Structures are given as structure tokens and as C-alpha cells.
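What follows is a single structure, written as C-alpha cells, with notes after it.
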Amino acid sequence: MIVRFTTTFTRQNPTPKPITFSSTTKTLTPSPPNTNINHLKQTHANLIRSGQISNPLIVGKLVSDIALSSPSNIIYARSIFDRIAISPNTFTWNSLIRAYSRGPSPIEALRLYLHMQTLGYPPNNYTFPFALKASTESSARAAGLALHGSLIKRGFEDNDVFIQTSLIDFYGSFGFAVLARDLFDRIPDRDVTCWNALMKAYVRSDRAEEAVRAFRAMTRSRPPVRADEITALTVASACGAVGALDVGRWIHGYVGRSRLDLGVNLGTALIDMYAKCGDIDAARAVFEAVRGRGDARAWGAMIGGLAVHGFAREALGLFYDMRTVDPDSVVLTAALSACSHAGLVREGLRILYGMREAYGVEPTIEHYGCAVDLLGRAGRLSEAFELIARMPMEPDVVLWGSLLVACRVHRDVERGERVAKEMLKLDPEHAGAHVFLFNVYASAGEWARAEHVRGSMWDRRVKKPPGSSLIELGGACTDLLRGMRRTLRWVGLRR
DNA sequence: TTGCGTTATA
């Protein structure tokens with residue numbers, strides 16, 4: 001195999017160029033993997049010819065570039081790594097750990113991290129951000145905590161902003177906003193990235209108001225820290241989460257004023273923010289500015305936004321308008337949800353059954369869930385059950401949950417009871433399923449069974465979370481009760 | 001050689 005690359009290469013390029021691929025491959029990385037990997041294979045061949053394959057620094061870069069070019073190439077990279085005749089250095093280990101941490105099996109990065117140490121290679125300051133990323137990606141909380149301990153012992157906690165940012169992200173991803181904040185406060189020279197990580201930590205801990213507050217603090221900090229696209233995108237998603245339309249509009253204006261590039265990523269975040277805050281016209285306007293960029297995510301945000309605003313026809317029109325962009329799994333979910341909201345059963349089922357062939361997207365449980373919701377809302381409950389029986393995967397609580405709502409709306413007590421019982425098998429503490437069963441038994445006068453359900457709720461300490469509504473008041477969102485109190489204070493009816 | 005990144009269902 002290697003020989004074949006070598007001959008191809010020699011025929012095309014009799015005089016191999018000096019090894020400058022570190023800069024060329026960097027620019028190649030975003031291009032489609034098939035073309036990219038051929039270049040990398042040539043580079044690999046070239047290295048073998050020139051004998052530089054035994055240079056650990058150069059091989060490390062090659063391994064890294066191949067592994068990062070596409071997740072499917074990690075195996076190829078690994079095979080080179082495993083064959084390095086002389087012992088690999090820490091750089092090479094880091095490169096592979098980095099690649100795995102961003103690929104489909106980040107846990108492999110943690111295995112390598114342990115492995116390098118059993119072979120006597122100590123991790124350095126570059127190793128920890130990758131290993132922490134791998135812990136975050138694979139939800140390996142214990143591993144991340146161990147890494148934190150290990151890096152403290154090695155004295156990296158206080159003097160490396162990359163490691164500190166990775167730690168903020170790690171704790172933030174588990175919802176430990178206080179720990180993230182604590183780490184952040186101890187960073188002497190804060191750059192944009194660690195501010196961004198802090199804001200993201202707040203968003204992930206359901207404290208989006210804090211994220212917005214942190215953003216304001218960042219703009220006022222000394223020395224000044226300039227916001228970048230990721231700042232704007234994170235703040236926009238925070239605004240969407242709490243419905244803070246005023247701040248959302250302001251960040252949109254800020255993007256224009258500070259000449260930040262409104263690329264697809266930022267555009268997608270703004271579309272979603274406006275849609276979630278109820279300003280669908282503003283969402284449409286942003287979408288028009290970025291729709292030509294050929295990114296399925298922007299389309300997904302727009303189609304989904306239109307669907308929840310009741311513009312199902314427009315959403316589907318947009319979906320069928322996708323010519324140059326291939327719909328991804330999310331776009332198809334959004335299209336199905338549009339059908340669901342508009343009661344377009346046949347259209348939705350056609351999308352579900354045709355998606356593999358038409359778009360090459362394998363239906364997931366989310367797609368089946370939408371279709372079950374679609375049938376359920378339309379009152380076609382027996383068909384919903386048939387679909388569940390035919391699915392290639394086991395139904396989850398979310399899927400049963402949408403069917404339970406449908407059973408309640410269409411007053412199908414018998415099926416509802418079955419669904420609620422299935423849900424309690426999967427999640428014995430599910431509040432909604434308990435309440436449903438209780439109401440069914442109580443309204444049928446079956447007090448013994450109703451009492452039994454109530455007892456089980458008591459034993460499991462299941463509590464139905466109280467419903468609440470949100471309103472925006474003075475640029476921030478509060479729950480309705482708090483908002484009303486504030487309003488009453490304003491008009492002088494309350495102190 | 002490094003850290004932060006948006007979208008969907010219920």
C-alpha cells in the first residue's frame with residue numbers, strides 16, 4: 001500500500017518538495033476529506049521516500065493532520081502512529097489525543113492519555129486541553145476531575161490560560177457554573193476565549209441572564225477585551241434561551257457596529273435567537289442574508305423557527321426549496337415538526353419514509369418521535385402505536401411522552417394508561433406519567449388505584465413541577481408572578 | 001501544536 005503511494009507520487013512529482021506541509025495542510029483541513037486525504041497520503045509517501053518518516057516532529061504533524069482531516073481517517077493516523085519505529089515524543093501523543101478528542105470516540109483520547117504515562121511519557125501543558133476536551137465530549141466527569149488534580153500537581157493550574165479555559169469549559173459543561181466562575185476569577189489576564197467559555201458555562205447551567213451580565217462585564221473590562229464572533233453567537237443563544245429580545249437586538253447591532261463578520265454560524269445563532277424571542281420577521285431578515293452560504297444549520301434554524309410560529313406551509317416551502325444544500329438530520333426533524341404543527345400527516349409520513357433514499361439520512365428516534373407526534377396530534381393513535389412497533393429502535397420516554405399528551409387530548413384512556421405504564425418502566429420518577437394515571441383512575445372513581453399511584457409518587461418523592469410563564473420586562477425575562485409584582489410596584493399598587 | 005462555537009423533536 002505504502003509502495004503504491006510512493007510510485008504514484010514519484011511519477012507525478014519527480015523532485016519531492018521540501019517538507020512544508022505543516023502550513024499547506026492547515027489550509028487544506030476545511031476542504032472535503034476525500035481530496036484532502038489524497039494530499040496527505042502523498043505527503044506520507046513523500047516522507048517515506050525522503051526518510052523523514054523517522055522524524056518524530058514531522059510524523060506527529062502528519063498523524064495529527066490525517067487524524068483531524070476526518071474522523072474516519074483516525075484509524076489511518078493511528079496505524080502510522082503505531083508503526084513509528086523510534087519512540088514517539090509527547091508532541092506525537094498530543095496530536096493523536098487531540099484528534100481523538102474531537103472525533104466520534106473521544107474516550108479513546110483518555111485511553112491514550114493513560115497509555116502514554118504508563119510508557120513513561122509525561123503530559124505537558126498541551127496535553128491537558130485535549131484530554132479535558134475528551135472528558136467533556138465523552139461526559140467523563142471523573143476523568144476530568146482526575147485530570148484537574150493531575151495538572152494541579154504539575155503546577156499548570158495557575159499559569160496557563162489554555163488549560164484554565166479548558167477547565168472552565170469542562171466544569172461548565174457539567175453545569176458547575178460556580179466552579180467555572182471560581183476558576184475564571186483566578187485568571188489574571190483574561191482573553192476573549194476564557195470569557196466566551198464562562199458565558200457558555202452559564203448558558204449550559206441554565207443561567208443565561210448571568211451570561212448576558214458577563215458579556216456586559218467583558219465589554220467594560222480593563223484592559224478592554226474585544227468581542228469576537230463566538231462571543232456574539234454565545235450571547236445570542238443565551239438571549240434565545242431566556243427570551244431577552246432587547247439584549248438580542250442589541251448584540252445584533254453590536255455585530256454591525258464592531259464590524260464582526262456575520263457568517264453562517266453567527267447568522268444561525270441570530271436566526272434562532274429572533275425566532276425564540278418571537279420576532280420571526282427579524283429571523284427571516286437574517287436568514288435572507290445568509291441563506292446563500294450553503295449551510296444546512298441556518299436552514300434548520302429558520303425552518304424550525306417558522307414551524308413553531310405556525311408558518312408550517314412556509315417552513316415546508318423552504319424545505320423543498322433546498323437545492324444547493326443537503327438537508328441534514330436537524331432540517332428533517334424541523335420539517336417533520338412543521339407537518340406536525342399543521343396536521344399534514346401524509347406529507348410528514350412521506351418525508352419520514354423517503355428521507356433515507358432522498359437525502360441519505362437514516363431516520364433516528366427523533367424523526368420517529370416527530371412522526372408519532374404527528375399521528376398522535378391528528379388523533380390517529382392506533383397508527384401511532386403501529387409505527388412504534390415497526391421502528392428499528394426501542395421507544396424512549398420522550399417519544400412515549402408525546403403520545404401520552406395525544407392520548408390525553410383525544411381522551412383515549414385505555415391507550416393512555418398503557419403509555420403511562422411504559423413510561424414508568426423507563427423512568428419510574430416521571431411526574432407527568434404519574435399525574436396522568438392518577439387523573440385517569442380518579443375520574444373513573446377507582447379510588448384504590450388512584451391512591452396507589454399517589455402513594456408511589458410519595459414514596460419516590462415525585463413532584464409535579466409547577467407550571468410557570470415568562471414575560472420580558474425592562475429588557476430581562478422574569479417569571480410571570482415576579483413580573484406582575486414588579487408591575488404592581490411600578491404603578492404604585494404594591495410596595 | 002493548544003482553549004471558547006450556533007440549529008431540531010417532547
Side-chain angles (χ1 to χ4, degrees), chain A residues 22 26 57 60-61 63-65 68 90-99 101 124-133 136 160-170 172-173 180 187 191-201 203 228-238 240 263-273 275-276 287 290 295-305 307-308 315 327-341 364-374 376-377 396-406 423 432:
Chain A
S22 59
K26 216 170 193 174
L57 256 151
K61 185 73 181 90
V63 166
S64 168
D65 284 349
L68 287 174
T90 305
F91 166 74
T92 317
W93 285 100
N94 288 348
S95 302
L96 205 57
I97 290 172
R98 175 189 180 205
S101 73
N124 62 13
N125 56 324
Y126 289 91
T127 318
F128 286 105
F130 306 143
L132 282 166
K133 173 84 176 166
T136 310
D160 189 310
V161 74
F162 285 83
I163 290 176
Q164 287 159 329
T165 304
S166 303
L167 282 171
I168 290 170
D169 185 55
F170 167 73
S173 74
I187 301 178
D191 60 7
V192 220
T193 309
C194 69
W195 277 103
N196 291 347
L198 178 72
M199 290 176 217
K200 187 64 200 164
V203 174
D228 63 5
E229 280 87 348
I230 292 169
T231 319
L233 180 147
T234 308
V235 175
S237 99
V264 255
N265 296 338
L266 180 49
T268 304
L270 287 173
I271 292 167
D272 180 58
M273 182 274 292
K276 288 212 171 96
F287 177 70
V290 298
D295 188 283
R297 291 171 185 228
W299 290 74
M302 191 67 244
I303 294 170
V308 298
D328 64 358
S329 179
V330 176
V331 168
L332 286 158
T333 313
L336 284 168
S337 115
C339 294
S340 192
H341 285 284
T364 63
I365 189 137
E366 285 85 1
H367 300 113
Y368 281 105
C370 284
V372 167
D373 183 59
L374 174 73
R377 277 179 204 249
D396 61 3
V397 198
V398 177
L399 189 146
W400 284 124
S402 71
L403 194 52
L404 185 74
V405 173
M423 289 172 76

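These numbers come from a predicted model, not from an experiment.
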note: A:Asp272, atom CG; B:dA8, atom C1'; distance rounded to Å ~ 10 Å

ask   = Does a distance-only test, which skips hydrogens and angles, find a donor-acceptor pair under 3.5 Å between the side chain of A:Asp191 and the base of B:dG3?
value = yes

Item checked: Side-chain donor/acceptor of A:Thr165 to base of B:dG3, under 3.5 Å -> yes

With the side chain defined as heavy atoms from C-beta on, A:Thr333 is closest, among B:dA8, B:dT2, B:dT6, to B:dA8

Whole-Å distance, A:Phe170 CZ to B:dC4 P, equals 13 Å

Checking B:dT6, B:dT1, B:dG3 against the side chain of A:Pro129 (C-beta onward), the nearest is B:dG3

Per atom distances to the A:Leu233 side chain, the nearest of B:dT9, B:dT7, B:dT6 is B:dT6

Among B:dT6, B:dA8, B:dA10, the one nearest any side-chain atom of A:Asp373 is B:dA10

Whole-Å distance, A:Gln164 CD to B:dT2 C1', equals 14 Å

For A:Ala236 and A:Leu270 the tightest heavy-atom approach is CB-CD2, 4.1 Å

TODO: Could you tell me whether the side chain of A:Phe130 reaches within less than 4.5 Å of the side chain of A:Asn94, counting heavy atoms only?
DONE: yes

When rounded to whole Å, the CD1 to P distance for the pair A:Ile271 and B:dA8 reads 11 Å

A:Gly172 and A:Ala180 have their tightest heavy-atom pair at N-CB, 4.3 Å

Taken to the nearest whole Å, CG/A:Leu167 to C1'/B:dT2 is 14 Å

Is A:Tyr126 stacked on the base of B:dT1 when the test is centres under 5.5 angstrom and planes under 30 degrees?
-> yes

Close side-chain approach of A:Ile271 to A:Val290, heavy-atom, < 4.5 Å:
yes

